[in-house]
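Notes for the one structure printed next.
We name chains A, B, ... by the order of the sequence lines, and we start the count at 1 in each one.
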Number of protein chains: 2
Amino acid sequence: MVLSSQGQAPAAAVKYSSIIEELGRSIVSGELQPGGRLTIEGLQARFKVSRTVIRDCMRILESMNLVFSKRRVGIVVQAPRHWNVYDARIIRWRLEGTSRARQFKSLTELRCAVEPLAAAGAARNATQEQRAVVVNLAQQLRTLGEAGRLDEFLAVDIEFHALLLLASGNEMFSALDDVVTEVLRGRTTQGLMPRTPREYSLASHEAVAAAIAGSDPDAAETEMRNLLAEVQEAVT
Amino acid sequence: MVLSSQGQAPAAAVKYSSIIEELGRSIVSGELQPGGRLTIEGLQARFKVSRTVIRDCMRILESMNLVFSKRRVGIVVQAPRHWNVYDARIIRWRLEGTSRARQFKSLTELRCAVEPLAAAGAARNATQEQRAVVVNLAQQLRTLGEAGRLDEFLAVDIEFHALLLLASGNEMFSALDDVVTEVLRGRTTQGLMPRTPREYSLASHEAVAAAIAGSDPDAAETEMRNLLAEVQEAVT
DNA sequence: GGCGATTCAAAGGTAGCATCTTTACATTCG
DNA sequence: CGAATGTAAAGATGCTACCTTTGAATCGCC
């Protein structure tokens, strides 16, 4: 799952991507109510493109379970419970839209659920190189944090957490790296972070790294939980 | 996310669904290597359908990040790390294929991560009715478990866990109900379950239910962790 | 041998037509 | 008057033919 780009696909804007974006956002924001109908013909006129393009878009939205299409009826907007909420695009749209705060909270809770086990997994499965990098990143975090270089701190923090997910050896966890990235980034932008990272947080990162380096899953899990306690609190 | 059907869409087999199934399975199983190429023309000949249908299929597979298409090159199979592994269809394909055991383990680990927090969430956010139902389901589990009626036990167990996820109030959690359903079902089919559910397990279900009914998030989380400890062990 | 121009294969996009389903409406019969 | 049945139309599904755009690979020049 890749938030920024469609996997390997070249960034080259294909024609329909903007249509998907627009419709996806409308649906996710609630502007297009569940049960609401669209027709290919209508969309064709609205976006001034051929039917093929609209059809392609519909297939994609359908595959995200945002809509379904039925003969003689048209394209019907699905209720939120059907949406593939783990699809990177839907996550992005929800974070951009009015439901940002809500989505943010959900994702943070998901992080709190997953990251401790991911850390434990990393302590078990990480390669030697990954262990070394984790320790190194934690050190960098301290340096940058104490120096108050927040932007660089954020970048390294993202790298730290993404590496843990990857090293966990569980692809369901590593697929969430975009989620974690987005949440960390949003947390800073939204001013939910202290100006200077707290000593507590720096120490926790180091402790997690040490546990992973020392192949101690239980410690890694516990320390990660400590680390997340702060986060949890800020959102609740 | 719905494993069995595409949301509200009628079961009516649209033409391309079987093509998607076949190609999706080939990719997920590794039969079609990452970097491997397909062409629309080739697929057209292979499946004896028009270009339109193939294009629709490609859009869908592309939207799952299983492939990407490039002009002058064709349709290229993506590496596993790009796949939308939370897409219900991909989960299903992986569970059907040769990587079943591996996928099973990942999903179980995911359950262990998510369900405790979901239980805590349910203790906080469930409606009165949901709380009553949870308690009732736990009771049924005891009755069915002690009577050795395994099929019915499984059905109720699935209902129990799905309700927790739903009641958690976190849509990222409730979207995982298919995953949990599939894991529970597979666990029974694969003979990972004791013939008669253990007293320990029955008590844990009751304890979780009681904690939710009594609005005690911490207890719900702890009890759910106890419940999952057994599961965790069986898979590791 | 390296670098720019050319070629061309394959996807992207358009257009129009035929078909199939399902809904909505009208008609008929009890 | 109400239920069953027939019918028309709306709109998705599917096919074919044709043009455009892109970018990989080859060719040719320096």
Side-chain angles (χ1 to χ4, degrees), chain A residues 5-24 27 32-78 82 89, chain B residues 5-24 27 32-78 82 89:
Chain A
S5 69
Q6 297 306 321
Q8 293 287 18
V14 269
K15 191 133 185 193
Y16 44 76
S17 66
S18 64
I19 300 178
I20 297 211
E21 289 286 318
E22 182 167 339
L23 292 176
I27 293 171
L32 250 65
Q33 294 282 334
R37 294 184 187 185
L38 301 167
T39 66
I40 290 185
E41 209 176 4
L43 294 169
Q44 213 178 143
R46 171 169 161 196
F47 292 104
K48 314 282 188 209
V49 293
S50 77
R51 235 187 42 210
T52 311
V53 173
I54 298 295
R55 283 190 54 174
D56 284 352
C57 292
M58 290 309 111
R59 284 291 108 74
I60 294 172
L61 293 176
E62 215 172 347
S63 126
M64 296 194 260
N65 279 332
L66 287 179
V67 303
F68 66 97
S69 60
K70 244 168 114 180
R71 283 191 174 165
R72 168 65 216 234
V73 172
I75 291 138
V76 186
V77 178
Q78 293 256 33
H82 295 293
R89 286 159 294 191
Chain B
S5 69
Q6 296 306 321
Q8 292 288 17
V14 268
K15 192 132 185 194
Y16 45 76
S17 67
S18 65
I19 299 178
I20 298 215
E21 289 286 318
E22 182 166 341
L23 291 177
I27 294 171
L32 248 65
Q33 295 281 334
R37 293 185 190 183
L38 302 166
T39 65
I40 290 185
E41 208 176 5
L43 294 169
Q44 219 179 137
R46 172 168 161 197
F47 292 104
K48 315 281 189 211
V49 292
S50 77
R51 232 187 89 210
T52 312
V53 174
I54 298 295
R55 282 191 54 174
D56 284 352
C57 293
M58 289 310 111
R59 284 293 108 74
I60 294 172
L61 293 175
E62 216 171 345
S63 127
M64 295 194 261
N65 280 332
L66 286 179
V67 304
F68 67 97
S69 60
K70 246 166 116 178
R71 286 185 179 175
R72 172 65 215 240
V73 172
I75 291 137
V76 186
V77 178
Q78 292 256 32
H82 295 293
R89 285 158 295 191

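- Going from atom NZ of Lys48(A) over to atom C1' of dG13(C) covers 17 Å, rounded to whole Å.
- Per the geometry, CD1 belonging to Ile54(A) stands 12 Å off P belonging to dA15(C), to the nearest Å.
- Atom P of nucleotide dG23(D) and atom CZ of Arg37(B) are separated by 14 Å, given to the nearest angstrom.
- Rounded to a whole Å, the CG atom of Leu61(A) is 16 Å from the C1' atom of dA12(D).
- The CG atom of Leu43(B) sits 5.0 Å away from atom CE of Met58(B), with the distance rounded to the nearest 0.5 Å.
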Intermediate values then yes/no, side-chain contact (heavy atoms from CB on, under 4.5 Å), Ile20(B) and Met64(B): CA-CA 11 Å; Ile20(B) 298 215; Met64(B) 295 194 261; 4.2 Å; yes

Detail all sub-3.5 Å separations between protein N/O atoms and N/O atoms belonging to nucleotides 4-11 of chain C.
residue: dC8(C); atom: O2; partner: Arg72(B); partner atom: NH1; Å: 3.0
residue: dA11(C); atom: OP1; partner: Ile40(B); partner atom: N; Å: 3.0

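- Here the P atom of nucleotide dT13(D) and the CG atom of Asp56(A) are 12 Å apart, to the nearest Å.
- If you take CG of Leu43(B) and P of dG14(D), they are 16 Å apart, rounded to a whole angstrom.
- With sequence neighbours left out, the side-chain hydrogen bond (donor to acceptor under 3.5 Å, both in side chains) criterion links Arg59(A) to Glu62(A), Tyr16(B), Asp56(B).
- Checked by distance alone, Arg55(A) brings no side-chain donor or acceptor within 3.5 Å of a matching partner on the base of dG13(C).
- Not counting sequence neighbours, Arg37(A) has no partner by the salt bridge (charged side-chain N to carboxylate O under 4.0 Å, His left out) test.
- The separation between Met58(A) atom CE and dG14(D) atom C1' is 18 Å, rounded to whole Å.
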Evaluation steps, side-chain contact (heavy atoms from CB on, under 4.5 Å), between Arg89(A) and Ile60(A): CA-CA 11 Å; Arg89(A) 286 159 294 191; Ile60(A) 294 172; 3.7 Å; yes

Chi angles and distances behind the side-chain contact (heavy atoms from CB on, under 4.5 Å) call for Gln33(A), Val77(A): CA-CA 7 Å; Gln33(A) 294 282 334; Val77(A) 178; over 6 Å; no

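- Listed by chain and residue number, Glu22(B) satisfy the salt bridge (charged side-chain N to carboxylate O under 4.0 Å, His left out) test with Arg46(B) (two or more places apart in sequence, or in another chain).
- Listed by chain and number, the residues in a salt bridge (charged side-chain N to carboxylate O under 4.0 Å, His left out) with Glu41(A) amount to none (sequence neighbours excluded).
- When distances run from any side-chain atom of Thr52(B) to the nucleotides dT13(D), dT14(C), dC15(D), the shortest one goes to dC15(D).
- In this structure, Phe68(A) atom CZ and dG11(D) atom P are separated by 15 Å, rounded to whole Å.
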Pair Leu38(B)-Leu32(B), side-chain contact (heavy atoms from CB on, under 4.5 Å): steps then yes or no: CA-CA 10 Å; Leu38(B) 302 166; Leu32(B) 248 65; 3.9 Å; yes

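- Consecutive Watson-Crick or G-U pairing (both distances under 3.5 Å) extending over three or more pairs maps onto DNA chain D as C:1-30 with D:1-30.
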